[in-house]
Peer 1: 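The structure's right below; bear with me while I get my questions together.
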Amino acid sequence: MIITRVVMHLFKRFSLPGIKHLEFNPSEIYQIILGTNGSGKSSFLKELTPFPTHSKRFHKGGYKIFECVHKGSKYVLTSSFENGSKYTFVKDGQVLNNAGNAKVQTELVTRHFGIDNQIQSVLLGTTRFTQLNALARRDWLMRLSGNNYDYALHVHQLLK
């Protein structure tokens, strides 16, 4: 997945420095984000995800637009908070979240990008991989490898 654009309007964490609207168009592989303590750098980084965001993070009328390219397709995902919460998931111009709700949006993100809340938690540092127990780390490594080791583990148990 390559993030092409992120727009955030009326994001609460940007209220302190007085930023009402931010448009991020990454042009290089590496980006540097600078700001004083409390300016919203970490909060912004947590929003660099296709997952739907929560209304409590935005003022009324706020929104987030997340655009990316993945496996040759262009995606535009939005979370808007004008009158309640509404979510859209558009792939190559086709609207896939007709219900406009967060649950459908999350399911579409998992299906199209292959990430779920557990993966996001590790990527964002909410769950620390190094602090997982040995069994949980093994499950993660098996999951990330994309291979099914059930037979190998079964044979290993028999040999033990």
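Worth knowing before you read on, the calculation uses all heavy atoms, side chains too, and leaves out hydrogens, waters and symmetry mates.
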Peer 1: Could you report the tightest heavy-atom contact between Arg5 and Asn25, atom names first, then the distance?
Peer 2: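 Shortest heavy-atom contact: CG-OD1, 3.3 Å.
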Peer 1: For a quick test of reading the model, state the closest non-hydrogen atom pair linking Ile115 to Pro50 and the distance between them.
Peer 2: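 Heavy-atom minimum between the residues: CD1-CG, 3.9 Å.
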Peer 1: According to a hydrophobic-cluster definition based on side-chain heavy atoms being under 4.5 Å apart (Ile, Leu, Val, Met, Phe, Trp, Tyr only), do Phe113 and Val104 belong together?
Peer 2: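 Yes; Val104 is reachable from Phe113 via cluster members.
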Peer 1: If we ignore angles and hydrogens, is there a donor and acceptor under 3.5 Å between the side chains of Lys86 and Asn101?
Peer 2: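 Short answer, no.
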Peer 1: With no hydrogens and no angle check, is any side-chain donor or acceptor of Gln105 less than 3.5 Å from a backbone partner on Thr88?
Peer 2: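 Yes.
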Peer 1: Work out which heavy atom in Lys41 is nearest to a heavy atom in Leu34; give both atom names and the distance.
Peer 2: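 The pair with the smallest heavy-atom distance is CD-C, 3.8 Å.
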Peer 1: Shortest non-hydrogen contact from Ser43 to Arg13?
Peer 2: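 Ser43 and Arg13 have their closest heavy atoms at OG-NE, 3.0 Å.
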Peer 1: From Phe44 CZ over to Lys64 NZ, what is the distance, rounded to the nearest 0.5 angstrom?
Peer 2: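 One finds 9.5 Å between CZ of Phe44 and NZ of Lys64.
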Peer 1: If you round to the nearest 0.5 Å, how far is CZ of Phe66 from OG1 of Thr53?
Peer 2: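 Here the rounded value is 12.0 Å.
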Peer 1: Drop me the distance from Met8's CE to Ser79's OG, to the nearest 0.5 angstrom.
Peer 2: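 Nearest 0.5 Å value for the CE-OG distance: 9.5 Å.
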Peer 1: Is Ile19 linked to Val6 within one hydrophobic cluster, defined over Ile, Leu, Val, Met, Phe, Trp and Tyr using a side-chain heavy-atom separation of less than 4.5 Å?
Peer 2: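 Ile19 clusters together with Val6.
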Peer 1: For His112 and Lys91, run side-chain contact (heavy atoms from CB on, under 4.5 Å): C-alpha distance rounded to whole Å, both residues' side-chain angles, the deciding distance at 0.1 Å, then the answer.
Peer 2: CA-CA 9 Å; His112 287 263; Lys91 177 185 178 187; 3.7 Å; yes
Peer 1: When you group the ILVMFWY residues by side-chain heavy-atom contacts below 4.5 Å and let the links chain together, are Val76 and Val95 in the same group?
Peer 2: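 Hydrophobic grouping puts Val95 with Val76.
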Peer 1: Verify the neighbour count for atom CD1 of Ile2: are there more than 12 heavy atoms of other residues, nucleotides or ligands below 6.0 Å?
Peer 2: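 12 or below, so no.
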Peer 1: How about NZ on Lys60, more than 12 heavy atoms from neighbouring residues, nucleotides or ligands closer than 6.0 Å, or not?
Peer 2: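 Enclosed.
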Peer 1: Distance check, rounded to the nearest 0.5 Å: Thr49 atom OG1 versus Met1 atom CE?
Peer 2: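 Answer rounded to 0.5 Å: 7.0 Å.
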Peer 1: So Phe24 and Leu48, do their side chains get closer than 4.5 Å, heavy atoms only?
Peer 2: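 Heavy-atom side-chain distance check passes, below 4.5 Å.
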Peer 1: Over 60° means perpendicular and under 30° means parallel, so classify the ring planes of Phe89 and Tyr75, tilted if in between.
Peer 2: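 If you compare the ring of Tyr75 with that of Phe89, the planes turn out perpendicular.
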Peer 1: Do you know which two heavy atoms are closest between Phe14 and Ser39, and how far apart they sit?
Peer 2: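 Scanning both residues, the minimum pair turns out to be CD2-O, 3.6 Å.
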Peer 1: Run the salt-bridge test on Glu47 and Arg57 with the 4.0 Å N-O cut-off and return the result as yes or no.
Peer 2: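 Between Arg57 and Glu47 there is a salt bridge, with a charged N closer than 4.0 Å to a carboxylate O.
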Peer 1: Run the numbers on Leu77 and Val109 for side-chain contact (heavy atoms from CB on, under 4.5 Å), then give the verdict.
Peer 2: CA-CA 9 Å; Leu77 290 72; Val109 167; 3.8 Å; yes
Peer 1: State whether the side chain of Ser73 and the backbone N or O of Asp92 hold a donor-acceptor pair below 3.5 Å, judged by distance alone.
Peer 2: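 Judged by distance alone, no pair lies under 3.5 Å.
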Peer 1: What are the two closest non-hydrogen atoms of Ile65 and Thr78, and how far apart are they?
Peer 2: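 So the two residues come closest at CG1-CG2, 3.8 Å.
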Peer 1: When rounded to the nearest 0.5 angstrom, what distance separates CZ in Phe11 from CZ in Phe81?
Peer 2: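 Atom-to-atom, Phe11:CZ and Phe81:CZ are 10.0 Å apart.
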Peer 1: Counting distance only, does the side-chain N/O of Lys74 pair as donor-acceptor with the main-chain N or O of Val90 below 3.5 Å?
Peer 2: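 No; judged by distance alone, with no hydrogens or angles, the pair does not exist.
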Peer 1: Would the number of heavy atoms belonging to other residues, nucleotides or ligands and lying under 6.0 Å from CD of Glu23 be above 12?
Peer 2: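 Check passes, neighbour count above 12.
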Peer 1: What distance separates Leu10 CG from Ser80 OG, expressed to the nearest 0.5 Å?
Peer 2: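 If I round to the nearest 0.5 Å, the distance is 12.0 Å.
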Peer 1: According to side-chain contact (heavy atoms from CB on, under 4.5 Å), who are the partners of His9, at least two apart in sequence or on a separate chain?
Peer 2: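 His9 satisfies side-chain contact (heavy atoms from CB on, under 4.5 Å) with His21, Tyr63 once adjacent residues are dropped.
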